[in-house]
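One-based numbering along the sequence shown.
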Amino acid sequence: QVPLVESGGRLVQAGGSLRLSCAASARTFSSSVMGWFRQAPGKEREFVAGEFVAGVRSTGFTYYADSVKGRFTISRDNTRSTVYLQMNSLKPEDTAVYYCAAGALPYRTGPEDFHSWGQGTQVTVSS
């Protein structure tokens, strides 16, 4: 498994921005599909965004849940083995624990498709 450590969650007002970070071990980071999920109280864990690189010289491919498309951006920094989730125009319904995950297959959105998880970071958006 790939140890993943998230950070950056906090309380923010609606309309504000946050950037979450997820640090992974370098050994498998470059070959993993990286994803962000979130889980609100009483709800199932849901896919937010995913990112992968198709080859050494490839630019990253990204995909998003419809609920965050146009507001959130996932990116990775291979030199730091870190994946980011930039969240803009936050809404109260974005309140959740956000989890970073690593998987093997691109464009997958189910939690069962990801084999390694972080401990989560709380994002709270006040109205």
Side-chain angles (χ1 to χ4, degrees):
Q1 289 191 342
V2 178
L4 303 171
V5 180
E6 304 98 332
S7 62
R10 61 176 175 85
L11 173 66
V12 63
Q13 287 190 335
S17 298
L18 272 181
R19 189 176 79 158
L20 305 183
S21 300
C22 172
S25 65
R27 187 173 133 179
T28 56
F29 176 77
S30 61
S31 63
S32 294
V33 176
M34 300 303 297
W36 285 96
F37 287 74
R38 65 187 182 187
Q39 188 165 18
K43 295 188 176 182
E44 294 186 352
R45 191 169 298 190
E46 64 173 1
F47 171 79
V48 174
E51 194 273 353
F52 64 96
V53 178
V56 174
R57 297 182 184 278
S58 170
T59 58
F61 294 85
T62 60
Y63 54 112
Y64 300 91
D66 288 342
S67 58
V68 306
K69 206 171 290 184
R71 299 188 298 124
F72 290 10
T73 302
I74 186 172
S75 62
R76 72 162 66 194
D77 183 343
N78 283 329
T79 63
R80 292 184 168 85
S81 298
T82 298
V83 62
Y84 303 100
L85 184 68
Q86 177 67 43
M87 305 186 293
N88 299 328
S89 302
L90 282 162
K91 305 175 182 180
E93 50 264 43
D94 294 319
T95 295
V97 177
Y98 282 71
Y99 296 91
C100 176
L105 298 175
Y107 293 121
R108 297 299 177 95
T109 61
E112 66 278 5
D113 296 314
F114 290 77
H115 53 69
S116 299
W117 294 84
Q119 80 289 349
T121 185
Q122 177 70 48
V123 172
T124 303
V125 184
S126 64
S127 56

Checklist line | Option passing side chain to side chain contact (heavy atoms under 4.5 Å, CB included) with E51 (candidates T73, V33, L85, I74) | finding: I74
Notebook entry, point to check: Taking L18 as the fixed residue, which of N88, V123, L11 is the one that meets the side chain to side chain contact (heavy atoms under 4.5 Å, CB included) rule?
Noted result: V123
I need the minimum non-hydrogen distance between [X] and [Y], along with the two atoms involved.
{"X": "T121", "Y": "G8", "value": "OG1-N, 4.1 Å"}
{"X": "D94", "Y": "S89", "value": "OD2-O, 4.4 Å"}
{"X": "P92", "Y": "A14", "value": "CD-CB, 4.1 Å"}
{"X": "A102", "Y": "M34", "value": "CB-SD, 3.9 Å"}

Notebook entry, point to check: Do NZ/NE/NH1/NH2 and the carboxylate oxygens of D66 and K69 come within less than 4.0 Å?
Noted result: yes
Measure the spacing between [atom1] of [X] and [atom2] of [Y] and express it to the nearest 0.5 Å.
{"X": "L4", "Y": "S116", "atom1": "CG", "atom2": "OG", "result": "6.0 Å"}
{"X": "R45", "Y": "F47", "atom1": "CZ", "atom2": "CZ", "result": "14.0 Å"}
{"X": "W36", "Y": "L20", "atom1": "CH2", "atom2": "CG", "result": "4.5 Å"}
{"X": "E93", "Y": "K43", "atom1": "CD", "atom2": "NZ", "result": "8.5 Å"}

Check: side chain to side chain contact (heavy atoms under 4.5 Å, CB included) with A96: which residues, sequence neighbours excluded?
Finding: R38, A40, Y98
Check: Just wondering, do T109 and Y63 contact through their side chains at under 4.5 Å, heavy atoms?
Finding: yes
Margin query: Within the structure provided, determine whether S17 and Q86 are in side-chain contact (heavy-atom separation under 4.5 Å).
Written below: yes
Item checked: Any pair counted as salt bridge (charged side-chain N to carboxylate O under 4.0 Å, His left out), so long as it reaches residues 113-124, sequence neighbours left out -> R108-D113
Next item on the list: Check the side chains of T82 and D77 for a donor-acceptor pair under 3.5 angstrom, ignoring hydrogens and angles.
Entry: no
Next item on the list: Verify the ring-centre separation between F37 and F114: is it less than 6.0 angstrom?
Entry: yes
Margin query: Under 6.0 Å between ring centres: does that hold for F61 and Y107?
Written below: no
Quick check: does any side chain N or O of [X] sit under 3.5 Å from a backbone N or O of [Y], one acting as donor and the other as acceptor?
{"X": "T95", "Y": "T124", "result": "no"}
{"X": "E6", "Y": "C100", "result": "yes"}
{"X": "R80", "Y": "R76", "result": "no"}

Checklist line | R10/Q122 under side-chain contact (heavy atoms from CB on, under 4.5 Å): CA gap, chis, key distance, verdict | finding: CA-CA 6 Å; R10 61 176 175 85; Q122 177 70 48; over 6 Å; no
Check: Counting only heavy atoms not in E44, do more than 12 fall under 6.0 Å of its CD?
Finding: no
